[in-house]
Amino acid sequence: MEYDFREIESRWQKFWAENRTFKVDKETDRKKYYVLDMFPYPSGAGLHVGHPLGYIASDIFSRYKRLRGYNVLHPMGYDSFGLPAEQYAIQTGQHPALTTEQNIARYRQQMDQLGFCFDWNREVRTSEPAYYRWTQWIFLELFNSWYNPRTNRAESIDSLIEIFSNEGLNLNASDILTGDIEKELKTFSATEWNAFTEVQKREVLMYFRLAYLGEAYVNWCPALGTVLANDEVINGVSERGGHPVERKLLKQWSMRITAYAQRLLDGLDTLDWTDSIKESQRNWIGRSEGASLRFPIQDREGSVEVFTTRPDTIFGVAFVTLAPEHELVNSLTTDEQRAEVEAYVNTAKNRSERERMADVNTISGVFTGSYVSHPFTGQPVPIWVGDYVLVGYGTGAVMAVPAHDERDYKFAKHFGLPIKQVIEPTREFDLQKDAWTDKEGVLINSEILNGLEVKKAIPKAIEAIEEHGFGKKRINYRLRDAVFGRQRYWGEPIPIYYKEGVPYALSADELPLTLPEVDKYLPTEDGEPPLARASNWKYQGVYDYEHSTMPGWAGSSWYFLRYMDPQNTGTFASNADTAYWNQVDLYIGGAEHATGHLLYARFWTKVLFDLGHIPFQEPFQKMINQGMILGKSSFVYRINGSNSFVTFSKKEEYQTTPIHADISLVDNGKLDIDGFRKWRSEFAESEFICEEDGSYLCGTEVEKMSKSKYNVQTPDELVEKFGADTLRMYEMFLGPLEQSKPWDTKGINGVHNFLRKLWRLFHDQEGQIVVENGEAPKEALKTLHKTIKKMQDDLERFSFNTGVSNFMICVNELSEQKCHNHLILKELVIMLSPYAPHISEELWVKLGYESGTVGKQHFPAFNESFLVESSFAYPVSFNGKMRFKAELSLDLNADEVQKAILSREDTQKWLEGNAPKKVIVVPGKIVNIVM
RNA sequence: GCGGAUGUGGUGAAAUUGGUAGACACGCUAGACUUAGGAUCUAGUGCCGAGAGGUGUGCGGGUUCGAGUCCCUCCAUCCGCACCA
């Protein structure tokens with residue numbers, strides 16, 4: 001009987017499902033381990049071979065940890081709200097819930113056929129009301145909280161109300177964060193607060209809530225008809241679809257993630273993540289230390305506030321530049337300059353983000369006609385407007401020091417503005433050509449700062465600025481608050497209603513606020529989001545609900561918590577469960593979520609921690625980012641202006657255009673010409689110029705695996721051909737998990753043959769069991785224990801590819817030894833069960849054990865005594881070059897080894913009569929003779 | 001420009017602490033067997049060379065008895081971020 005993987009695999013998958021083999025429960029007397037995969041968005045295309053890569057790794061690790069005695073939580077679910085289902089709904093009129101349901105069914109079937117040990121009793125779907133009820137509940141928690149800088153944590157908004165009714169708001173005390181430093185809020189006394197109307201109070205509180213409705217410049221994407229978060233905009237276009245994005249001032253729900261900037265930064269040091277992801281997050285948060293500084297406006301009240309990281313260069317200020325959108329631009333423009341300024345501001349405002357980024361080298365700007373006074377010297381400093389200053393960063397205004405800042409330098413040169421040097425460069429340098437931007441040198445022309453090194457001048461300058469009351473030390477973050485509303489249908493409704501234009505939150509017991517039915521999934525005629533179409537969808541039948549929905553990242557920011565206690569209807573997860581399961585011990589997923597999901601999930605976790613709902617403040621302790629599996633695309637070459645295709649080797653003789661050919665039509669580079677003709681009607685009549693042997697050879701290129709490139713390989717056909725165990729091991733065998741690699745099925749036979757070879761250790765040619773009882777042979781014990789050692793070492797360092805090789809080496813050796821010993825094979829099957837669970841279950845039963853129990857065994861114990869050797873083949877090197885080997889007893893000490901080696905004929909031959917200068921002997925390792 | 005990662009046979013790769021470079025697998029070559037199976041078995045396979053031997057981990061240098069591994073310089077590819085004050 002041959003290895004019949006189809007029969008074996010379907011039988012065991014059924015067994016696992018029927019016996020709920022992978023159901024886990026909290027067991028407080030056992031140590032827990034939480035292994036999490038990034039849950040998928042169930043797209044219509046199904047899974048391709050790249051998707052399960054991480055799932056296979058996490059599955060192997062989960063099963064391994066179980067063999068090590070841990071109680072392992074390994075759940076799976078679906079991030080099932082999202083744009084593609086909605087776009088499809090717009091096109092077809094089909095409800096997104098329906099297509100989502102169908103897609104999930106397909107994903108489930110694809111995952112099941114791979115034999116994963118997920119506990120499906122814990123499945124979550126973000127689009128289910130039973131789930132998003134708690135997403136909405138967390139939103140309410142955020143809405144009803146503020147960040148208290150005195151305690152440095154989130155607190156109930158009640159504690160802020162208490163502060164206001166006792167102390168009022170005194171912004172000069174500088175201990176109250178609004179999160180948006182550029183927003184001015186009028187101060188008030190406790191008495192004034194208490195006299196405020198409900199509406200006034202709510203308006204003030206809105207500046208502090210962690211989830212708030214605020215006016216801000218947002219990324220508006222007209223094509224998608226919605227706003228986007230910063231991480232959803234890549235190079236000025238939308239991440240999904242690549243549509244242009246504009247900056248627009250809009251009222252939007254936002255999350256005050258900026259309040260957590262410092263803690264999000266500090267927390268990174270405690271995490272076992274790759275440097276590249278940590279760096280991305282640090283970069284995204286973008287902390288910079290400096291000072292905020294006010295320049296009084298000449299001839300009128302008020303001042304221009306700037307942020308600078310180089311307060312030491314204060315005496316080199318030549319002008320001040322405002323962003324075109326800066327609120328003071330209009331009032332600072334003199335009548336003579338008005339026409340010019342307005343024209344400039346209009347052009348700058350109307351340029352899309354993409355255009356603005358596309359030409360960063362064009363210098364443009366305009367003088368407002370007004371001046372500020374230099375805070376120290378009182379000299380007039382002209383105020384300019386320039387689009388190199390961004391309204392969203394710092395204060396939207398800079399003090400320009402052309403001599404020591406690249407952009408200021410270029411701006412000054414372009415407009416002929418003065419360049420005043422205040423730092424003496426530390427090496428030969430021509431200030432006529434460039435700005436000296438190094439943070440070193442000695443200050444000159446700077447009154448009180450003269451003679452100081454830059455590093456000393458910075459604190460001294462800040463000290464002086466604070467002393468004179470011109471400004472203060474400030475830490476600035478690039479991180480912006482995250483826009484939270486989407487003008488879309490297929491997302492969580494935001495649990496807010498409006499009374500007299502003022503937003504009110506639903507109470508927790510009114511949740512879930514379920515998604516209403518609409519006639520169309522499009523905006524209304526007057527531009528309202530789709531939810532505005534829902535008839536009679538009003539709070540208490542009277543008040544309008546919020547019509548925007550939550551963004552994709554809402555549901556995924558806390559799903560790892562729901563898995564801990566997925567059916568709980570009284571809370572998002574019980575305290576007992578969050579305390580037991582705690583942080584995710586191992587998180588496996590793509591690196592593309594570095595600044596989105598991974599930052600938002602950390603933020604929400606910190607808020608829930610602050611509010612006392614969970615006992616930890618980082619969600620994912622260790623993370624591994626699996627590399628992308630790239631597709632190998634095939635190309636045919638169409639001769640331009642014809643319907644003829646020329647084979648790869650002759651394509652240089654013609655002017656051709658490469659066209660993707662479906663990889664299923666290509667075998668080993670050769671095109672199935674008939675199949676290609678039938679594939680698309682436009683090719684039905686095509687002519688082919690072939691190789692000499694009559695075949696048509698395709699070109700190949702490694703690209704991202706994608707439907708549009710016709711290079712997608714689904715796991716289904718490979719499972720059908722080789723079985724899940726083979727595919728699981730092959731995906732691991734491809735190389736290190738973290739590395740990107742092209743997909744190529746060439747080597748899959750090797751892995752499949754390994755499993756057949758393993759099968760033959762148990763069976764003879766007739767399919768009869770040949771397992772022998774009795775004592776294990778010494779040689780086999782050595783092979784086994786060598787493998788045990790390597791397997792556990794490799795698994796502990798997540799080296800799954802070398803793990804597969806270890807099994808191959810082990811089975812090769814046992815085959816050579818003709819070992820069919822029960823004791824050896826039993827341990828081997830246990831070790832293999834994480835990698836190839838189906839065949840392991842099958843062989844386990846064949847060894848006479850109970851069905852379904854192989855995963856509940858203990859990982860074999862390593863016994864070093866089986867590996868002890870009496871002799872060693874010393875590699876003998878001359879000047880570091882290995883020349884021959886000499887078998888010597890391991891009992892010999894270094895001197896004895898040296899003597900034995902030097903007396904050998906081989907040695908004399910290589911010495912060519914010379915005396916060795918030096919002999920290095922590392923017992924049990926190497927001998928090196930220096931000549 | 002800044003940051004991160006990666007460079008090893010025809011291919012995917014291994015080498016965990018500085019100690020035999022290329023394990024394991026694919027592919028290829030030659031042979032055996034056969035109930036013709038994407039089977040199995042044997043031998044070979046980094047490059048140059050008939051061979052002795054030489055040479056070899058992106059380039060160049062350094063430390064060391066000994067470097068794929070440590071240090072310096074440079075190059076290439078990929079991925080983030082980027083008028084960030």
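Below, each value reflects all heavy atoms present in this structure, side chains not excepted, and no hydrogens, waters or symmetry copies. Residue numbers begin at 1 in each chain, while the letters A, B, ... track the order of the sequences.
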At under 4.0 Å between heavy atoms, what does [X] touch on the DNA or RNA strands: base, sugar-phosphate, or nothing?
X: A:Lys721; value: base
X: A:Arg287; value: nothing
X: A:Lys757; value: sugar-phosphate
X: A:Arg756; value: sugar-phosphate

| field | Most 5' of A:Ile277 and A:Asn753 on RNA chain B, judged by nearest nucleotide | value | A:Ile277

| task | Between A:Ile809 and A:Met399, just flag the one whose closest nucleotide in RNA chain B comes earlier from the 5' side. | result | A:Ile809

I'd like the [atom1] distance from [M] over to [N], given in whole Å.
N: B:G53; M: B:U34; atom1: C1'; value: 43 Å
N: B:A14; M: B:C83; atom1: C1'; value: 46 Å
N: B:G68; M: B:C74; atom1: P; value: 22 Å
N: B:G9; M: B:C41; atom1: C1'; value: 26 Å
N: B:C71; M: B:A25; atom1: C1'; value: 35 Å
N: B:A13; M: B:G7; atom1: P; value: 9 Å
N: B:A50; M: B:U42; atom1: P; value: 31 Å
N: B:C84; M: B:C78; atom1: C1'; value: 25 Å

Tell me the partner of [N], counting only Watson-Crick (N1-N3 plus N6-O4 or O6-N4) or G-U wobble (N1-O2 and O6-N3) with both under 3.5 Å; none if nothing fits.
N: B:U8; result: none
N: B:A21; result: none
N: B:A13; result: none
N: B:C74; result: B:G58
N: B:U42; result: B:A30
N: B:G66; result: none

Rounded to the Å, how far apart are [X] [atom1] and [N] [atom2]?
X: A:Gln281; N: B:C79; atom1: CD; atom2: P; answer: 20 Å
X: A:His752; N: B:C24; atom1: NE2; atom2: P; answer: 21 Å
X: A:Arg474; N: B:C84; atom1: CZ; atom2: C1'; answer: 13 Å
X: A:Met791; N: B:C24; atom1: CE; atom2: P; answer: 16 Å
X: A:Phe722; N: B:A39; atom1: CZ; atom2: C1'; answer: 13 Å
X: A:Lys918; N: B:U64; atom1: NZ; atom2: P; answer: 10 Å
X: A:Lys881; N: B:C65; atom1: NZ; atom2: C1'; answer: 15 Å
X: A:Phe884; N: B:A52; atom1: CZ; atom2: P; answer: 17 Å

Give me the ring orientation class for [X] and [Y]: parallel if the planes are under 30° apart, tilted from 30 to 60°, perpendicular past 60°.
X: A:His374; Y: A:Phe295; result: perpendicular
X: A:Phe411; Y: A:Tyr388; result: tilted
X: A:His785; Y: A:Phe862; result: tilted

| said: Should the side chain of A:Asn476 and the base of B:C84 be counted as holding a donor-acceptor pair, with the cut-off at 3.5 Å? | reply: no

| query | When rounded to the nearest 0.5 angstrom, what distance separates NZ in A:Lys472 from CZ in A:Arg294? | reply | 7.0 Å

| said: Do A:Ser288 and A:Tyr393 pair up side chain to side chain, a donor and an acceptor below 3.5 Å, judged on atom types alone? | reply: yes

Would a 4.5 Å heavy-atom cut-off, applied to side chains only, mark [X] and [Y] as touching?
X: A:Asp438; Y: A:Ile423; result: no
X: A:Met808; Y: A:Val751; result: yes
X: A:Ser877; Y: A:Ile926; result: yes

Nucleotide of [options] approaching [X] most closely (side-chain heavy atoms):
X: A:Trp284; options: B:C81, B:G56, B:A85; answer: B:C81
X: A:Asn749; options: B:G38, B:C41, B:A85; answer: B:G38
X: A:Arg478; options: B:A82, B:C83, B:G4; answer: B:A82

| Qualifying residue for ring pair (Phe, Tyr, Trp, His ring centres under 6.0 Å) with A:Tyr730, from A:Phe754, A:Trp743, A:Tyr835 | A:Trp743

| Syn or anti: how is B:G9 classified when any glycosidic angle within 90° of 0 counts as syn? | syn

| query | Looking at A:Lys789, A:Lys790, A:Arg797, which one forms a side-chain hydrogen bond (donor to acceptor under 3.5 Å, both in side chains) with A:Asp793? | reply | A:Lys789

| note | 5' to 3', nucleotides 8-20 of chain B under a 4.0 Å protein heavy-atom cut-off (B base, S sugar-phosphate only, - none) gives ----BSSSB--BB

| query | Within less than 4.0 Å of OP1 or OP2 of B:C84, is there a side-chain N or O belonging to A:Arg310? | reply | no

